[in-house]
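Note sheet for the following structure.
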Amino acid sequence: MKTHKGYKTYPLTAAQKFHFFYLDRCPKKEVMNIGTSLTIEVELDVDELRKAIYKAYERCEAMRLRFAYDKKEKKWYQYIVEKEEREIEYVDFTGKTMEEAEKIMTEWTQVPFEREDSPMSRIVIIKTPDGNQGLYLLGDHMILDAQSLIMFMRDIIELYCNAKFEGVEYPKEMRSYIEQLEKDLAYENNSKAQQRDREFFHKLIDESEPIFNGIEGPQPLLEARKKNPAARSAHFITQHVDSALDTFHLEGEPTARLMKFCEEQHVSQQCLLIMGMRTYFQKLNGNEDVSFNVAYARRATLAEKKSGGTRIHSFPFRTVIPEDKTFLEGIHIIRDGQNEIFRHTNFDPVEYFAYRAQKYPIEPGTSYEPMSFTYQPMTQKDQGLNKLGDIKYKTKWYPNGATTQAMYLTVMHRPEDNGLDFNFEHQTAAVTKEQLEYFYYYICKIMFKGIEKAYMPIGDILKLI
């Protein structure tokens with residue numbers, strides 16, 4: 001397939017194929033949906049906002065992506081349409097409660113897109129019961145991820161503000177999705193860079209087999225060892241893909257303390273969060289060898305940041321940190337390990353897992369990793385919306401109701417106070433809200449005790465909490 005409906009077609013990227021990898025295994029196709037809203041505490045000009053939305057679509061190739069299936073080749077392809085001309089809806093929730101409005105937007109988020117030759121996004125201009133106005137945006141993960149979604153919404157707001165307010169600059173152009181796509185496809189065509197990355201990950205996998213750590217302790221692994229005494233993987237994911245989204249809020253002031261520590265120690269917030277989580281698993285399982293999946297945004301360059309699309313690659317991140325290491329030494333081990341992986345994250349995660357399964361054949365349905373994690377440092381505040389002065393705005397994420405993972409934690413900054421939101425999407429049959437609350441409580445306890453006593457051995461810190 002070279003053209004479709006007059007448009008040039010392109011193969012899928014590794015990141016897109018990774019989404020198909022779990023989509024094929026999930027009966028609920030809304031698992032690919034990302035739904036969010038951004039509302040501002042000001043009366044908006046709906047017609048002008050609608051113009052800004054159309055303009056933002058025009059400026060962002062990735063948001064005009066479509067998919068076509070070649071029946072002969074049995075392959076999906078992607079192409080970009082010239083314009084988005086669909087009607088942008090307006091919904092006024094005045095007269096309803098916030099809970100009722102959020103329930104409706106959650107229902108919108110749980111409707112999957114038609115995949116073939118169909119728009120992969122939906123935008124609704126909304127007025128919420130608290131009087132705020134703004135946008136609800138639903139996108140399919142094949143065309144966007146959290147960072148490109150935030151970038152697109154920011155572009156809409158800045159285009160609107162440029163049209164309505166004096167002194168607000170016209171936003172800088174987005175970058176070409178096609179140009180970035182062609183670079184990614186060239187990498188995936190057995191390039192030297194791909195060969196280097198393959199060697200790195202094969203060597204990492206070959207070193208030794210990982211081991212499972214449970215959220216409440218080693219019980220799942222002990223259960224697996226009743227059948228196979230040498231088992232290092234365990235059942236944790238369920239066949240029931242129904243999910244819930246539970247969010248826990250860390251206030252702005254304690255978040256600022258964590259960020260100050262990271263700044264002083266020249267480490268990232270992501271490293272500190274990973275240290276908090278892996279130390280929790282170490283405490284509960286009595287095991288210094290801890291693994292979980294970490295998502296990497298792959299947006300190092302300006303072209304990658306501003307080209308949109310989906311660029312997430314997810315790999316297991318394994319740390320072996322003895323209890324006699326200090327908290328700060330543990331963070332440095334994580335930092336060094338993360339820096340190594342960052343250099344190789346263009347590699348195909350599906351190929352990674354296939355090679356590992358070949359190297360360490362495990363019982364179907366078992367895993368070494370109890371969870372996946374992503375930290376989203378980019379906020380609307382960081383991205384220029386502070387130009388709106390003192391105008392307050394709110395963001396809200398809506399659950400799509402399905403997940404193929406037992407537990408997926410996304411940590412993001414709130415726009416109101418830059419505090420951290422811990423968003424746990426989880427299979428309701430695998431993990432309860434109470435278990436997550438306990439997990440969140442101890443992650444925070446470990447991080448705050450750790451930054452207070454950074455030179456204390458991890459074993460001693462665990463005794464204090």
Side-chain angles (χ1 to χ4, degrees), residues 193-213 258-283 285 287-301 304 311-349 352-353 355-356 359 368-378 409 411 420 443 446-462:
Q194 187 192 42
Q195 290 170 35
R196 282 195 300 272
D197 296 341
R198 182 177 288 119
E199 285 167 17
F200 167 79
F201 279 116
H202 283 199
K203 186 181 173 190
L204 200 63
I205 291 166
D206 290 346
E207 282 175 2
S208 64
E209 187 179 6
I211 189 165
F212 180 87
N213 292 274
L258 297 179
M259 293 175 79
K260 185 183 177 193
F261 171 84
C262 291
E263 194 179 328
E264 288 171 348
Q265 298 297 334
H266 308 289
V267 295
S268 70
Q269 182 78 47
Q270 175 155 315
C271 290
L272 178 56
L273 287 161
I274 289 173
M275 184 64 185
M277 287 183 286
R278 58 99 37 228
T279 306
Y280 169 87
F281 284 113
Q282 185 171 5
K283 174 184 169 68
N285 293 267
N287 191 2
E288 63 188 32
D289 186 346
V290 177
S291 300
F292 46 80
N293 293 316
V294 175
Y296 301 94
R298 298 170 57 241
R299 293 192 188 273
T301 67
E304 289 168 347
R311 298 193 56 77
I312 299 288
H313 281 187
S314 186
F315 297 98
F317 182 61
R318 183 182 182 187
T319 49
V320 181
I321 305 178
E323 286 192 5
D324 60 1
K325 294 283 184 186
T326 68
F327 189 81
L328 191 57
E329 283 174 331
I331 291 178
H332 288 161
I333 289 168
I334 290 166
R335 179 194 61 194
D336 295 346
Q338 286 284 285
N339 286 344
E340 266 203 317
I341 286 180
F342 283 144
R343 290 195 287 272
H344 302 280
T345 53
N346 284 329
F347 192 63
D348 182 353
Y352 173 100
F353 286 109
Y355 179 80
R356 191 175 74 171
K359 177 76 181 178
Y368 303 111
E369 291 83 32
M371 65 175 288
S372 292
F373 162 70
T374 183
Y375 169 58
Q376 176 54 267
M378 188 166 69
L409 170 61
V411 180
L420 289 174
I443 294 170
I446 289 164
M447 289 194 298
F448 285 109
K449 188 58 72 176
I451 66 170
E452 181 191 321
K453 299 187 180 294
Y455 298 97
M456 182 179 276
I458 293 163
D460 292 345
I461 287 174
L462 291 179

If you apply the rule side-chain contact (heavy atoms from CB on, under 4.5 Å), what do you find for V290 with Y280, and how did you get there?
CA-CA 10 Å; V290 177; Y280 169 87; over 6 Å; no

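- Applying the side chain to side chain donor-acceptor pair (under 3.5 Å) criterion to N346, with sequence neighbours excluded, gives R298.
- Checked against ring pair (Phe, Tyr, Trp, His ring centres under 6.0 Å), F281 has the following partners two or more places apart in sequence or in another chain: F439.
- With sequence neighbours left out, the salt bridge (charged side-chain N to carboxylate O under 4.0 Å, His left out) criterion links R335 to no other residue.
- With sequence neighbours excluded, the residues satisfying side chain to side chain contact (heavy atoms under 4.5 Å, CB included) with Q265 are F261, V267, L328, Y455.
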Dump the intermediate steps for side-chain contact (heavy atoms from CB on, under 4.5 Å) on L272 and I451, then the final yes or no.
CA-CA 9 Å; L272 178 56; I451 66 170; 4.2 Å; yes

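- For the salt bridge (charged side-chain N to carboxylate O under 4.0 Å, His left out) test, residues two or more places apart in sequence or in another chain that qualify with D460 are K463.
- Rounding to the nearest 0.5 Å gives a distance of 8.0 Å between CG of D348 and CD of Q194.
- Among residues two or more places apart in sequence or in another chain, the salt bridge (charged side-chain N to carboxylate O under 4.0 Å, His left out) test is passed with K283 by none.
- Between Q338 and I274 the shortest side-chain heavy-atom distance falls below 4.5 Å.
- Under the side-chain contact (heavy atoms from CB on, under 4.5 Å) test applied with N293, the options P349, P316, P370 reduce to a single match, P316.
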Before giving the answer on side-chain contact (heavy atoms from CB on, under 4.5 Å), spell out for Y375 and V294 the whole-Å C-alpha distance, their side-chain angles and the decisive distance to 0.1 Å.
CA-CA 9 Å; Y375 169 58; V294 175; over 6 Å; no

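- Salt-bridge check for E369 with R356: passed, with a basic side-chain N closer than 4.0 Å to an acidic carboxylate O.
- Residue E209 places its CD atom among more than 12 non-hydrogen atoms of other residues, nucleotides or ligands, all under 6.0 Å distant.
- To the nearest 0.5 Å, atom CD1 of residue I321 and atom CD1 of residue I334 are 4.5 Å apart.
- Summarising the geometry, atom CD belonging to Q195 is positioned 10.0 Å from atom CG belonging to D197; distances are rounded to the nearest 0.5 Å.
- Taking every heavy atom of both residues into account, A295 and I312 meet most closely at CB-CG2, 3.9 Å.
- Judged by distance alone, with hydrogens and angles left aside, the side-chain atoms of R299 form a donor-acceptor pair with the main-chain N or O of E304 at under 3.5 Å.
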N287 vs F212, side-chain contact (heavy atoms from CB on, under 4.5 Å): CA-CA, chis, key distance, verdict:
CA-CA 10 Å; N287 191 2; F212 180 87; over 6 Å; no

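- Once rounded to the nearest 0.5 Å, the distance linking CE of M371 with CE of M277 reads 5.0 Å.
- Side-chain contact between N213 and F292 is absent, with no heavy atoms from C-beta onward closer than 4.5 Å.
- Nearest heavy-atom pair, C271 versus I331, reported as atom, atom and distance to 0.1 Å: CB-CG2, 4.2 Å.
- For K453, the salt bridge (charged side-chain N to carboxylate O under 4.0 Å, His left out) criterion is met by no residue, not counting sequence neighbours.
- Judged as a ring pair (Phe, Tyr, Trp, His ring centres under 6.0 Å), and not counting sequence neighbours, the contacts of F342 are Y296.
- Residues satisfying the side chain to side chain donor-acceptor pair (under 3.5 Å) criterion with N339, sequence neighbours excluded, are absent altogether.
- If you take CG on D289 and CZ on R318, they are separated by 4.0 Å, rounding to the nearest 0.5 Å.
- Here the side chains of R198 and F347 are in contact, with some heavy-atom distance below 4.5 Å.
- Separating the OG1 atom in T345 from the NE2 atom in H313 is a distance of 8.0 Å, to the nearest 0.5 Å.
- Looking at residues two or more places apart in sequence or on another chain, you find a ring pair (Phe, Tyr, Trp, His ring centres under 6.0 Å) between F315 and F201, Y352.
- Using a 4.5 Å heavy-atom threshold, the side chains of Q269 and M259 count as touching.
- Every residue meeting the side chain to side chain donor-acceptor pair (under 3.5 Å) condition with R278, not counting sequence neighbours, appears here in chain and number order: Q282, T319.
- With sequence neighbours excluded, the residues satisfying ring pair (Phe, Tyr, Trp, His ring centres under 6.0 Å) with H344 are F200.
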